[in-house]
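Following: one structure in structure tokens, then a few remarks.
Order of listing sets the numbers, starting from 1, for every ligand and every atom in it. Quick caveat, the model's predicted, so the values are computed rather than measured.
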Amino acid sequence: MKIIPLSEGVFTIDKSKIFVPFDIHKDELQERARGSLLVEVQPFVVITQKDILLLDTGLGFMQQGEMQLHKNLKAQNINPDDVTKVLLSHLHKDHAGGVSYKDKLGHYHLSFKNAKYYVQKPGYDFAMSAGFPSFMTEELSILDGNEQVVFLNANEGFIDGYIHYKVTGAHSPHHQVFWIEEDGEKIFFGADDAPQIQQMKHRFVAKYDFDGKEAMELRRLWWQQGKEDNWTFLFYHDVKTPVAKNI
Ligand SMILES: [Zn+2]
């Protein structure tokens, strides 16, 4: 399988939950609000024999009238229309901002017109009731009743026999993680349950998690299992190490 990280850049985020671009060469973290976290925002493409998979969809920012996500795909010689599946871990705005875009008339369209979107239904319902600032309900509501959307109701299962999903509910209620397995190779996408490599190596309860202790325990378990089973980990918020193994 081929893995392509699609970096949208580095940002700081604080209690306001607004993502502010951060230039690591010029900006000073101390000048941002106290408690600001420095994070990468980084969807992934995984190319398998059957699919062009997109794992989460980034912030959904537009650049000169075009989605940054589409530009980033094209820069990797991938036509956005060729994406076959969009796997969504959860619907926080830095992961699901790119599910749709707004045209000049103010109408929303799914960003990937030939893809199936895989979303936890209880997670969708939760997002729509919780709303701003964590969720952008206006961008998400297009998912409901859309024929391209597969609403998952089970806590665990398989997509097309080779993509394993499992709900953890750790970082946020109904958050799900994915294992993609082909030809003896196993890729693990833990999204915000396992956002950065440092959090795999050091025990750490994050204040921003829904169930921080559970997330910490899962990271410990996965890091160990991944070592034994040779997983390739994808780290959505890691500035330096988007892809790693535990060796
Ligand atoms: Zn999140």
Using a strict cut-off of 2.8 Å, how many protein N/O/S atoms surround the Zn ion (ligand 1)?
4
N/O donor-acceptor pairs under 3.5 Å from side chains in residues 208-215, not counting sequence neighbours:
{"unit_1": "Tyr208", "atom_1": "OH", "unit_2": "Gln199", "atom_2": "NE2", "d": "3.3"}
{"unit_1": "Asp209", "atom_1": "OD1", "unit_2": "His171", "atom_2": "ND1", "d": "2.7"}
{"unit_1": "Asp211", "atom_1": "OD1", "unit_2": "Glu214", "atom_2": "N", "d": "3.1"}

Would you indicate whether Lys166, at its atom NZ, is surrounded by more than 12 heavy atoms from other residues, nucleotides or ligands within a distance under 6.0 Å?
no
Given 3.5 Å as the limit, does a donor-acceptor pair link the side chain of Lys102 with the main chain of His109, or not?
no
Does a salt bridge link Asp14 with Arg34, judged by any charged N lying under 4.0 Å from a carboxylate O?
no
Centroid-to-centroid, Phe151 to Tyr124, below 6.0 Å?
yes
Indicate yes or no: at least one non-hydrogen side-chain atom of Ile180 is less than 4.5 angstrom from one of Thr48.
yes
